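Along the sequence shown, the residues carry numbers beginning at 1. Just follow the structure's listing: the first ligand is 1, and inside any ligand the first atom is 1. Computed from a prediction, not measured in an experiment: that's the story for all the values here.
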Amino acid sequence: MKKILITLSLLYGGLGTLFAQNPVIQTQFTPDPAPMIYKNKLYVFTGDDQPGFDFYTMTKWRIHSSDDMVNWTDHGSPISLESFSWARDRAWAAQCIERNGKFYWYICAQTVDNNMAIGVAVSDSPTGPYKDALGQPLISTGSWDNIDPTVFIDDDGQAYLYWGNGHLFYVKLNKDMTSYEGKVTEVQQSVEAFGGLRRPGKSEEVLQKQEKFEDVYVEGPWFYKRNNLYYLMYAGMTNRTECLSYATSPSPIGPWKYQGKIMTDQPTNSFTNHGGIIDYKGKSYLFYHTGLLPKGGSYGRSTAIEEFKYNADGSIPKITMTKEGVNAVGTLNPYQRTEAETMAWSEKCNTKENKKVGVYVSDIRVGGHIKVRAVDFGKGASEFSASVAAGVDGGILEVRLDKIDGTKIVQIEIPRTGGWEEFKTLTTKISESVSGVHDVYFVFQGKNITAGRQLFNFDFWKFNP
Ligand code: FUB
């Protein structure tokens with residue numbers, strides 16, 4: 001029995017590393033990831049790249065969440081430029097934090113005078129709805145440098161907001177999280193603090209041509225504390241592109257001491273690599289972005305995650321990007337309603353949201369699939385239900401185990417339900433016995449359907465024990 005269990009666990013662990021897990025979301029581009037934990041769930045707040053442009057053409061922000069680090073649920077896009085009356089363009093990097101049951105999502109956007117400003121939206125729930133807290137920017141100093149806010153609440157209750165492109169600034173936030181005391185302070189940069197001195201007025205092109213500098217602070221700060229040491233990770237600079245570097249300090253306002261590069265010279269296919277660091281369920285994770293989704297690049301960036309271990313002295317090791325990403329830190333209970341937009345990997349489908357059901361899986365095409373990892377069937381499942389909608393029939397939903405062509409336990413022919421947004425729950429007996437932990441594949445097929453035709457929409461699924 002012991003031998004069988006070891007073989008099974010090796011096989012299962014082996015399967016987990018055979019497949020790509022990075023980038024973690026395939027249905028949209030998800031740049032500038034900012035992780036946050038609330039009630040034992042990990043949320044990642046991101047931007048939304050629109051590929052096909054040759055700049056950071058971004059109009060909204062997105063949220064995904066996970067309980068296990070591998071299956072990510074899409075919570076849609078609760079805020080966009082339209083949520084901020086003062087914002088005109090460039091919905092760039094953001095971070096959300098909880099305080100006393102309220103969620104404060106600090107964003108940056110371009111203002112009508114062509115500068116960048118930082119605003120804050122507030123909500124009673126991590127996934128919204130969010131509302132512009134002020135009706136005006138929180139930080140607006142008439143400068144392009146006001147981007148990439150990072151926020152942290154210290155043990156004594158004092159909250160700090162750091163931000164900046166090229167220049168690094170901070171303020172001490174008041175308890176209301178929507179105002180600050182004192183003046184905006186600029187952090188003095190030096191070789192000791194950030195590995196190099198960014199000379200005022202030097203453009204990225206000029207910086208890239210310089211040969212002799214170790215690093216400089218560029219943008220994307222990520223501020224946090226661990227074991228009484230304050231960390232500031234940031235997008236630094238190699239000679240060609242951005243890297244992730246960090247500095248530490250015994251105090252929340254410096255002096256900062258340069259600690260080196262965490263991730264550099266990796267084939268990210270993106271000039272930027274904005275990141276965030278968080279501990280979750282006993283492990284430490286680096287979130288960053290790459291341009292590695294199909295059609296991705298510097299302006300089509302996606303969240304990726306790597307696990308790492310701090311060195312005994314608190315320093316962060318060099319982290320190598322991988323395709324395999326991270327392993328599951330929990331299992332998924334199939335006997336609870338699971339949103340169809342909960343995915344470890346997906347192909348040939350997308351997500352949309354409407355007022356009636358929220359986010360659902362859309363644009364489902366023949367040959368596509370959704371993979372959900374580490375599903376624990378326990379002693380066994382008997383029935384499967386799926387909420388689907390179809391304007392025309394012909395679509396088939398298969399449920400398979402462990403591989404895209406693995407054992408088929410369910411096949412449902414999807415009938416017309418009265419419209420593409422008229423969701424109906426279909427239930428069927430499962431055809432093979434299933435127990436224990438499996439990866440589950442929802443495979444999309446069609447009956448005499450032209451490849452590329454939309455098959456059906458998919459809102460949620462559930463097994464019965
Ligand atoms: O996503 C737009 C900008 O690119 C962010 O604000 C920067 O951090 C860089 O990632």
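- Not counting sequence neighbours, the partners of Pro126 by the side chain to side chain contact (heavy atoms under 4.5 Å, CB included) test are Met36, Tyr38, Tyr43, Phe103.
- Listed by number with element, the atoms of ligand 1 under 4.0 angstrom from any heavy atom of Met58 are 1 (O), 2 (C).
- Of the options Thr57, Asp148, Thr272, the smallest heavy-atom separation from atom 7 (C) of ligand 1 is shown by Asp148.
- Screening Phe55, Tyr106, Trp61 for a ring-ring contact (aromatic ring centres under 6.0 Å, His included) with Trp92, the sole residue that qualifies is Phe55.
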In residues 147-157, what donor-acceptor pairs under 3.5 Å come from side-chain atoms, sequence neighbours left out?
| residue | atom | partner | partner atom | Å |
| --- | --- | --- | --- | --- |
| Asp148 | OD2 | Gly220 | N | 2.9 |
| Thr150 | OG1 | Gln95 | OE1 | 2.7 |
| Thr150 | OG1 | Phe223 | N | 3.0 |
| Asp154 | OD1 | Lys225 | NZ | 2.8 |
| Asp154 | OD1 | Tyr230 | OH | 3.4 |
| Asp154 | OD2 | Tyr230 | OH | 2.4 |
| Asp155 | OD2 | Lys225 | NZ | 2.8 |
| Asp156 | OD1 | Gln158 | N | 3.0 |

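- When non-hydrogen atoms are compared, ligand 1 lies under 4.0 Å from the backbone of Ala93 as well as from its side chain.
- Those atoms of ligand 1 with a heavy atom of His289 less than 4.0 angstrom away are 10 (O).
- Not a single heavy atom of Arg90 sits less than 4.0 Å from an atom of ligand 1.
- Considering each of Ile147, Asp32, Asp48, the one bringing a non-hydrogen atom nearest atom 1 (O) of ligand 1 is Asp32.
- Between Tyr231 and Tyr246, the ring-plane angle classifies as parallel under the 30° and 60° cut-offs.
- Side chain to side chain, Tyr360 and Glu421 meet the donor-acceptor criterion of an N or O pair below 3.5 Å.
- Between the side chain of Asn457 and the backbone N or O of Trp420, at least one donor-acceptor pair lies under 3.5 Å.
- Ranking the protein heavy atoms by distance from atom 9 (C) of ligand 1 puts Glu219 OE2, 3.4 Å first.
- Ligand 1 lies within reach of Arg301, whose nearest heavy atom is under 4.0 Å from it.
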